[in-house]
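Following: one structure in structure tokens, then a few remarks.
Just so we're on the same page: letters track the sequence lines, and every chain starts at 1. All values reported here derive from a predicted model rather than from experimental measurement.
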Amino acid sequence: MFLQRKTKHVAGISFKGLKKTMAQRSIHWFRKGLRLHDNPALMAACDGVTHMRAVFVLDPWFATQANVGVNRWRFLLQALKDLDNSLQKYNSRLFVVRGKPADVFPKLFKDWGITLLTYEVDTEPYAVSRDEEIDRLAQGAGVKVTRCVSHTLYDTQMTIAKNGGSPPLTYQRLQTVLSQLGPPPKPVEIKEKLLKACSPVLEEEHDKQYGVPSLADLGKDPADCGPCLFPGGESHALARMDTMLKKTNWVCSFEKPKTEPNSLEPSTTVLSPYLKFGCLSPRIFYYGLVDAYKGKKHSMPPVSLHGQLLWREFFTTVGAGTPNFDQMEGNQVCTQVDWEENTEWLEAWKMGRTGYPFIDAMMTQLRLEGWIHHLGRHAVACFLTRGDLWVSWEHGQRVFEEYLIDADWSLNAGNWLWLSASAFFHQYFRVYSPVVFGKKTDKNGDFIRKYIPKLSKFPEKYIYEPWTAPRAVQEKCGCIIGRDYPKPIVNHDEARKKNIARMAAAYARRNGAKEAAAGGKGGNKAGGKRKAEGGGKKSSKKAKVEKHITDFLM
DNA sequence: TCTGGCGTTGTTCCC
DNA sequence: GGGGAACAACGCCAG
């Protein structure tokens, strides 16, 4: 109900008006939302239309600017192939068109006699500017545009408006706002409309001009791909979700922090890549969980599976409402930290050569397979930034963007902000140990043995700290530390202490700047003065922080 | 304006 | 080994 209302509103046309003008030929533009199920924009493209064409534009921007690794390309192409297969069941096809959207659409509008363009709302900065341009071109061509929200549970702009015009910056605040908005809209059923709106496509002509390309067609070497553990596409997404939802006990007792980052089989759902590309509707998943929970005791947000969908909602909403969300400079929610450029350490981290087996195994899994457990992401992100290497989270973000098959602009930036304690999370003294953390769920180091075969023969006692193994043990294991596997590039205990102090200094600078700004604006001068003079809780707290900083930096 | 409680996922030590 | 407190002490937010 809500979505239909929104659709009409955003498109600036009424349903009555639509029926009178009766668009005959439409394009549904697939970007994310690579699915037929619960796709309100696709449904809008079929509404009262006799010829709907499904289009995906292979925008060169993604090849040149978007930092997409080969595993994610493979996932995308599989998803497109799956979509094409599904459309064939409706006597239709997917039209994959090469070129910039701004060049492609005016031609398609004209050649195909299009009167209606529909697409799913995308809140990422590039998508927003791209879509604004396409909207202008459509308007110029007399083509109506209908946009629908279905990548998120709620319309992010509505959530922001409900929060008073700015995005909620805490999870609890988001929950409060969403509770005021009511449950998310129900999924839409599309099959009948799709059947009516699809028209036959000439087979031979089609594959030559509009077929889904192969990796080789795109200049990618398929040999660079890792094993295909999570094939792309709506069919796989729905099958994966169904399998998972059937395990109701597991679903009801799911608590994210209790899942294992280094199990050999994923301990979580791995629905993230399917949600990223929209092969799976978040609302289908949400209501699938509602059914699974029904009448049973179950975990709750933030740790439950519903909670995971809300985290996705949280970061997408903040990302949509925060300029420069993916960088430190000009990002209002981000603490400014004096990270250091260290290409050698960054490369060691990226390639799994830090000398810390747990970190290196995680990064190897990421590079080869395109997915690692969320807590593994925490450990490696903390290590790169505030924990050990003091390298900017922006660099880590770019590496994740390249390697992850589920790399999502908002979630990636949001989580890096979180883990580097630059925003949302502030307890910077809680540092993951690259040695201790993994042991909790994998004492024997089986995960390390799998991803770093060189270390596979080390006894349990040394597997997380092979540099502590006596020379004789290293020789017996066929791996000399410093020759066959690196020595640790930093001393964790020393780096941790130094970096906690550096974070304290960064926070102190930020708070100092805030106070100065408040004073300069003629705000609460009395409060500022009181703090400056010393005395009271705040001042003693400040003195403590200063001592802490001095102890480690001087 | 101040204060106490809380925050998805730290580590170490002790019982 | 499991649970709870200490460690040192962050920002946010409701009341």
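- One atom, CD of Q172(A), and another, C1' of dG5(B), lie 10 Å apart when rounded to the nearest Å.
- Rounded to whole Å, the C1' atom of dG5(B) lies 15 Å from the corresponding atom of dA9(C).
- Across all their heavy atoms, M363(A) and W349(A) have their closest contact at CG-O, 3.2 Å.
- Rounded to a whole Å, the CG atom of L419(A) is 14 Å from the P atom of dT8(B).
- Between the P atom of dA8(C) and the NZ atom of K497(A) lies a distance of 11 Å, rounded to the nearest Å.
- Just one of W416(A), Y171(A), F314(A), W311(A) meets the ring pair (Phe, Tyr, Trp, His ring centres under 6.0 Å) condition when paired with F424(A); it is F314(A).
- Cation-pi contact between R510(A) and Y507(A): present, with separation from the ring centre below 6.0 Å and deviation from the ring axis of at most 45°.
- Atom-to-atom, NE2 of H426(A) to P of dT9(B) comes out at 13 Å; the value is rounded to the nearest Å.
- A sub-4.0 Å separation between OP1 or OP2 of dT9(B) and a side-chain N or O of R377(A) is absent.
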task = Dump the intermediate steps for side chain to side chain donor-acceptor pair (under 3.5 Å) on N67(A) and R398(A), then the final yes or no.
result = CA-CA 8 Å; N67(A) 199 16; R398(A) 275 193 283 279; over 6 Å; no
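- Residue K440(A) is classed as a sugar-phosphate contact, given heavy-atom separations below 4.0 Å to backbone atoms only.
- If you take atom C1' in dC13(C) and the same atom in dT9(B), they sit 22 Å apart, rounded to whole Å.
- The partner of dT9(B) is absent, by the rule that a Watson-Crick or G-U pair needs both atom distances under 3.5 Å.
- Nucleotide dA8(C) holds its P atom 13 Å from the OH atom of Y428(A), rounded to whole Å.
- Summarising the geometry, the separation between CZ on R496(A) and P on dG10(B) is reported as 13 Å, rounded to the nearest angstrom.
- In this structure, the nucleotide among dC10(C), dT9(B), dC12(C) sitting nearest to the side chain of P257(A) is dT9(B).
- Checking dG4(B) for Watson-Crick or G-U wobble geometry (two distances, each under 3.5 Å) identifies dC13(C) as its partner.
- Checking L169(A) against R430(A), the closest nucleotide of DNA chain C that is more toward the 5' end is the one next to R430(A).
- Donor-acceptor pairing under 3.5 Å is recorded for the side chains of Y485(A) and D360(A).
- Between K443(A) and N511(A), the one whose closest nucleotide on DNA chain C sits nearer the 5' end is K443(A).
- Residue contacts shown for V303(A) include a base, since a base heavy atom lies under 4.0 Å away.
- Side-chain proximity of Y507(A) to dG10(B), dG11(C), dG7(B): nearest is dG11(C).
- In the set dG10(B), dG11(C), dT8(B), the nucleotide with an atom closest to the side chain of R510(A) is dG11(C).
- If you measure from atom CZ of R509(A) to atom P of dG11(C), you get 14 Å, rounded to the nearest angstrom.
- The side chain of F437(A) lies closest to dT11(B) when the candidates are dC10(C), dG11(C), dT11(B).
- Listed candidates were dC12(C), dT9(B), dA14(C). Nearest to the side chain of T170(A) is dC12(C).
- To the nearest whole angstrom, the two C1' atoms, one in dT1(B) and one in dA14(C), are 13 Å apart.
- Using a 4.0 Å cut-off between charged side-chain N and carboxylate O, E340(A) and R502(A) make a salt bridge.
- Distance H378(A) NE2 to dT8(B) P: 11 Å, rounded to the nearest Å.
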